[in-house]
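Below is one structure, written out as structure tokens, with a few remarks after it.
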Amino acid sequence: MAKSGFVIRVGGIFVGIAAAVCAGGSDVEKLREMMVKHQIEARGVRDPKVLHAMRTVERHKFVPSHQVSSAYEDHPLPIGHGQTISQPYIVALMTELCELNGTEKVLEIGTGSGYQAAILSLLAKEVYSIELIEALATQAAKRLKDLGYRNVTVKCADGYLGWPEKAPFDVIMLTAAPVSIPQTLVDQLKDDGGILVAPVGDFFQELVRVRKINGRVYRETITHVRFVPMVPGSSSRN
Ligand code: SAH
């Protein structure tokens with residue numbers, strides 16, 4: 001048996017992650033292909049555009065250097081400051097729930113590494129992303145710029161306030177969990193057909209999708225999840 005952290009069992013196949021990531025090029029593409037096939041498609045994500053985005057974005061460029069060998073494994077990873085980049089399947093599932101067709105203005109709360117923003121940027125027209133921790137916001141903004149994701153704008157702020165100057169949004173995605181859905185964010189959602197996707201709860205969290213139709217809000221629960229909490233910033237504590 002190989003050392004832990006070096007290999008992962010994906011649908012019965014052992015993959016030398018570290019070797020492939022170090023080798024680069026088509027080997028990393030193969031890892032992404034296996035990630036999509038065994039972790040994402042196998043669990044029911046079907047939208048071809050989402051699968052294509054998951055195959056395209058170089059996840060290993062969004063994780064800390066000591067985590068690169070684990071970038072394509074089937075779990076979240078630490079990105080510093082007590083935060084995590086979500087499991088690939090959860091990123092794909094939440095993206096599919098947004099029903100993007102390429103014309104949308106999207107708000108993400110919780111930029112973290114910038115990975116989810118990069119995925120969204122391939123499927124929407126514009127992405128605005130808010131991160132509370134300044135070091136993560138600065139790093140993600142630089143990373144996204146360096147990697148050529150031109151339609152993503154990151155700012156360091158309290159996501160509970162949303163981004164009123166850019167509202168209304170077609171889609172709002174939260175990647176940190178509030179205890180309940182902030183009304184400010186619902187207010188910044190388009191009245192006709194806006195979609196908000198969020199983990200909601202404290203210890204026990206549900207992944208929720210909210211649709212706003214003619215100003216009325218319809219909520220559905222998708223599955224159970226575990227995200228880092230959406231921390232009230234100083235502005236929302238006042
Ligand atoms: N989407 C990220 C992962 C997010 S982890 C990725 O793809 O890597 C959740 C992020 O939400 C953390 O970076 C955390 O700092 C941020 N966060 C928590 N509370 C917040 C708030 N009130 N406003 C904005 N960001 C917040």
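Just the heavy atoms: all of them, side chains too, but no hydrogens, waters or symmetry mates, feed the values below. All values reported here derive from a predicted model rather than from experimental measurement. Counting convention: from 1, in listed order, for ligands and their atoms alike.
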Given Val231, Leu132, Leu77, which one has a non-hydrogen atom that is nearest to atom 22 (N) of ligand 1?
Val231
May I ask you to identify, for Gln83, whether its side chain, its backbone, both or neither come under 4.0 Å of ligand 1 on a heavy-atom basis?
side chain
Any heavy atom of Thr111 under 4.0 Å from ligand 1? The part involved is backbone
Determine, using the 4.5 Å side-chain heavy-atom cutoff (strictly less than), whether Val179 and Val200 are members of one ILVMFWY cluster.
no
Give the atoms of ligand 1, by number and element, whose distance to some non-hydrogen atom of Ile130 is under 4.0 Å.
24 (C), 25 (N)
We want to know whether Gln116 and Thr95 form a side-chain donor-acceptor pair, criterion being a heavy-atom distance below 3.5 angstrom.
yes
Out of Ser113, Ser86, Gly233, Pro182, who is nearest to atom 6 (C) of ligand 1 when you count heavy atoms only?
Ser113
Strictly under 4.0 Å, does any heavy atom of Pro232 approach an atom of ligand 1?
no
Between Ile109 and ligand 1, is there a nitrogen or oxygen pair with a distance under 3.5 Å?
no
Ligand 1 atoms in contact with Tyr115 (distance to a heavy atom under 4.0 Å):
7 (O)
Between Asp146 and Arg143, does a salt bridge (Lys or Arg N to Asp or Glu O under 4.0 Å) hold up when you go through it step by step?
CA-CA 5 Å; Asp146 291 350; Arg143 175 181 288 138; over 6 Å; no
Ligand 1 atoms in contact with Glu108 (distance to a heavy atom under 4.0 Å)
1 (N)
Using the side-chain contact (heavy atoms from CB on, under 4.5 Å) rule, take Val91 and Met54 through it: C-alpha gap first, then chi angles, then the decisive distance, then the call.
CA-CA 9 Å; Val91 173; Met54 297 299 296; 4.0 Å; yes
For the residue pair Ser129 and Glu108, confirm or rule out a side-chain donor-acceptor distance under 3.5 Å.
yes
Side chains of Gln83 and His81: donor-acceptor distance under 3.5 Å anywhere?
no
Just which atoms of ligand 1 are under 4.0 Å from any heavy atom in Ile133?
15 (O)
Identity of the nearest option to atom 3 (C) of ligand 1, non-hydrogen atoms only, from Thr84, Leu161, Ile79
Thr84
State the atoms of ligand 1, each with its element, that fall below the 4.0 Å cut-off from a heavy-atom position in Gln116.
1 (N), 7 (O)
Answer with side chain, backbone, both or neither: which part of His81 has a heavy atom less than 4.0 angstrom from an atom of ligand 1?
neither
Decide side-chain contact (heavy atoms from CB on, under 4.5 Å) for Val228 and Thr175; before the verdict, give the C-alpha distance in whole Å, the side-chain angles of both, and the deciding distance to 0.1 Å.
CA-CA 8 Å; Val228 295; Thr175 61; over 6 Å; no
Below 4.0 Å from ligand 1: does a non-hydrogen atom of Ser129 turn up there or not?
no
Mind checking the CZ-CD spacing from Arg209 to Glu220? Nearest 0.5 Å is all I need.
4.0 Å
Between His60 and Tyr72, is the gap from one ring center to the other below 6.0 Å?
yes
Location of contacts on Pro229 toward ligand 1, heavy atoms closer than 4.0 Å
backbone
Pull out every atom of ligand 1 sitting under 4.0 Å from any heavy atom of Tyr160, numbered as shown with elements.
22 (N)
Around atom OH of Tyr218, are there more than 12 heavy atoms of other residues, nucleotides or ligands at under 6.0 Å?
yes
Is there at least one pair of N or O atoms, one from Glu131 and one from ligand 1, spaced under 3.5 Å apart?
yes
Using a strict cut-off of 4.0 Å, indicate which atoms of ligand 1 neighbour a heavy atom of Leu136.
13 (O)
For the residue pair Asn151 and Lys125, what are the closest heavy atoms and their distance?
ND2-O, 3.1 Å
Under 4.0 Å from any heavy atom of Ala157, which atoms of ligand 1 are there?
23 (N), 24 (C)
For Leu100, run the side chain to side chain contact (heavy atoms under 4.5 Å, CB included) check against Asp170, Ile119, Val106, Asp47 and tell me which one passes.
Val106
Heavy-atom pairs closer than 4.0 Å: do any link ligand 1 to the side chain of Val228, the backbone, both, or neither?
side chain
